[in-house]
Amino acid sequence: MTNLNELYKQWCGEEPTKVEKIEGSGSNRQYYRLYDKDGKTVIGVNGTSRDEDHAFIYLTKHFGQRKLPVPHILAVSDDELCYLQTDLGDISLFDALKGGRMAGGRYNEHEKQLLRRTIRELPNIQLRGARGLEWDNCYPQPAFDEESVLFDLNYFKYCFLKPSELDFHELKLEANFHLFAKDLVAEQGESFLYRDFQARNVMLTPDGHPQFIDYQGGRRGPYYYDLASFLWQASARYPNKLRNELVLEYYKSLKHYIEVPPVRHFVSRLRLFVLFRTLQVLGAYGYRGYFERKKHFLDSIPPAIDNLRELLQHESEFPYPYMMDMLRRLTEMPRYAHIEQPAVNRTDGLRTADSSPYVSNPQDGPATFSKYDGKGPLVVRVFSFSYRKGIPEDESGNGGGYVFDCRSTHNPGRYEPYKKLTGLDEPVIRFLEDDGEILTFLHSVYKLADAHVKRYIERGFTSLMFSFGCTGGQHRSVYSAQHLAEHLHEKFGVEVHVVHREQNISQVFEATAKND
């Protein structure tokens, strides 16, 4: 906060008379409202990632030059880790639509008009905003590509599909994932993909006109993504009639900026991105709900499953037979099949909850009981490998655990100075950490791994396996496996075996008395 006060003083000539912290950001950035002596306000931001902050600052200045409805950057620190921007107020589109959401998707005419204005403005930022944009300034990557799609699909697989305990053939699903990814990136175009286009990131002027924030994760990509992200947001529960109307509003607005494809092609492509976005959010809900036990995300799963069930009515449009069969079986699982109909009693025509739910008996035992409980101690095995030579076999009989694909991150093996080195060598470590993509990747892995190891220790399980794959099993996978092994040993004190299969290197971190 000290740096932000100094920046404000440099910009304004005096310190703020009042500072209020603004809650609700989904990132590590911290937001403050700073007041001057006349009560006028600006927003101050403290960031933790220079690259992310740089992306927002660059995009905001660029969009400002294009006369787009975004905040203005007022001052930036030399390291770009804090900056000041204009205050767009407190009312977001999400706030303004609360009544319709609370009514289960019955939006009044005023709320519908706000949605129409927002959706008509989206092509403006996507197409006009893309003109002259230098994509290398985007964070964490300049374009929507096949590797990033596969990363999100595997996130869905590991964080939602596997915890569901649905039986599926992983290699067949992976093959369909690759086909799906190729189709999604087939139409790139020169448009700005907002990436996080949602009602929370649209602020409203006093007369109800939209202004946009939090686009720092944007990149070059297909415009369908943002439309799917916005209109098929599970918690919004937009009725089909309203959703179709808003798709048409967007399509008409898009005509002002580019030559649009025929309606049939447009709708078909849009459904492809709706399916991708649905799987993407289910992955996020699975991680936040099943692993972090956050109620909001658990509550968001039923409407997302409803979206998926509705998409399956157009199954013939998706040429991925195994994936579609697997998704159909997922929606038919008992835990999801009747997720919207828990009530059994009726009073005056209204459904009510069951008034006599089952009360557990102490003799039932714990809900998570397993014949493997209490064996302990836990031994963690971590592998690096090359996908060319296949995923490491699990010799413990426990099924192989987690497999993480590192190929979405920047590959030092493309450059001559690193070709004979590995992810254990200092020059490669510096390359990967300076680039930063691997750190973002591992940040998510650590959260997932920590929750799993903690639970396995609590239950007295004996074996857990993590595997990291990349193209050659030499750089990114080696770095990731080594760092996860060291991280888990340092945090939990468990015995960890790390094996860099393609490098014929192995190491054992002996168990310590350290507790989490």
Side-chain angles (χ1 to χ4, degrees), residues 1-96 114 117-118 120-122 124-126 128-133 137-139 192 194-218:
M1 190 61 212
T2 302
N3 292 339
L4 204 54
N5 278 331
E6 285 297 320
L7 183 64
Y8 184 91
K9 186 175 181 180
Q10 292 174 19
W11 172 73
C12 186
E14 56 187 8
E15 293 187 355
T17 59
K18 181 181 176 182
V19 177
E20 293 177 345
K21 187 170 184 180
I22 302 174
E23 303 296 337
S25 170
S27 72
N28 291 327
R29 293 184 307 281
Q30 295 180 324
Y31 293 84
Y32 300 88
R33 179 168 279 114
L34 293 84
Y35 293 76
D36 68 9
K37 61 184 179 182
D38 298 320
K40 295 179 180 178
T41 61
V42 298
I43 300 298
V45 184
N46 268 332
T48 58
S49 167
R50 182 196 174 278
D51 291 338
E52 187 176 27
D53 290 347
H54 172 78
F56 180 80
I57 293 164
Y58 168 79
L59 290 170
T60 300
K61 290 180 177 179
H62 174 77
F63 292 156
Q65 292 172 353
R66 306 298 303 170
K67 307 299 183 185
L68 298 176
V70 298
H72 298 292
I73 298 296
L74 303 172
V76 181
S77 64
D78 292 338
D79 60 6
E80 293 190 313
L81 286 176
C82 63
Y83 53 91
L84 304 176
Q85 65 183 58
T86 50
D87 188 350
L88 300 184
D90 289 318
I91 304 301
S92 69
L93 180 62
F94 182 82
D95 299 326
L114 294 177
R117 287 176 178 174
T118 301
R120 283 195 295 259
E121 191 67 32
L122 177 56
N124 189 20
I125 195 167
Q126 290 177 313
R128 285 189 60 240
R131 295 172 190 168
L133 197 155
N137 289 286
C138 293
Y139 173 87
F192 177 72
Y194 199 117
R195 180 71 178 177
D196 195 19
F197 188 67
Q198 56 164 306
R200 294 180 188 275
N201 292 336
V202 179
M203 306 303 293
L204 297 176
T205 63
D207 56 356
H209 289 281
Q211 302 175 97
F212 302 107
I213 61 172
D214 280 0
Y215 35 73
Q216 60 277 350

Item to check | Pair Asn137-Leu59, side-chain contact (heavy atoms from CB on, under 4.5 Å): steps then yes or no | outcome: CA-CA 8 Å; Asn137 289 286; Leu59 290 170; over 6 Å; no

Item to check | ring-ring contact (aromatic ring centres under 6.0 Å, His included) assessment of Phe212 paired with Phe63 | outcome: CA-CA 10 Å; Phe212 302 107; Phe63 292 156; 9.1 Å; no

Item to check | Criterion side-chain contact (heavy atoms from CB on, under 4.5 Å) on Ser92 and Ile213, from CA distance to verdict | outcome: CA-CA 10 Å; Ser92 69; Ile213 61 172; over 6 Å; no

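Atom CG of Asp78 has 12 or fewer heavy atoms from other residues, nucleotides or ligands within 6.0 Å. The environment of His72 atom NE2 is sparse: at most 12 non-hydrogen atoms of other residues, nucleotides or ligands sit within 6.0 angstrom.
Judged as a side-chain hydrogen bond (donor to acceptor under 3.5 Å, both in side chains), not a single pair has a partner in residues 5-17 (not counting sequence neighbours).
By the salt bridge (Lys or Arg N to Asp or Glu O under 4.0 Å) test, Asp207 is found to be paired with no residue, residues two or more places apart in sequence or in another chain being considered. The side chain to side chain contact (heavy atoms under 4.5 Å, CB included) test applied to Ala55 returns Tyr139, not counting sequence neighbours.
Under the 4.5 Å side-chain criterion, counting only non-hydrogen atoms from C-beta, Glu121 is in contact with Pro69. Counting only heavy atoms from C-beta outward, the side chains of Leu93 and Pro210 never approach each other to under 4.5 Å. Leu81 places none of its side-chain heavy atoms less than 4.5 Å from the side chain of Asn3.
Screening Ile43, Asp87, Val42, Leu7 for a side chain to side chain contact (heavy atoms under 4.5 Å, CB included) with Leu34, the sole residue that qualifies is Val42. Between Tyr215 and the options Asp196, Asn201, Thr60, a side chain to side chain donor-acceptor pair (under 3.5 Å) holds for only Thr60.
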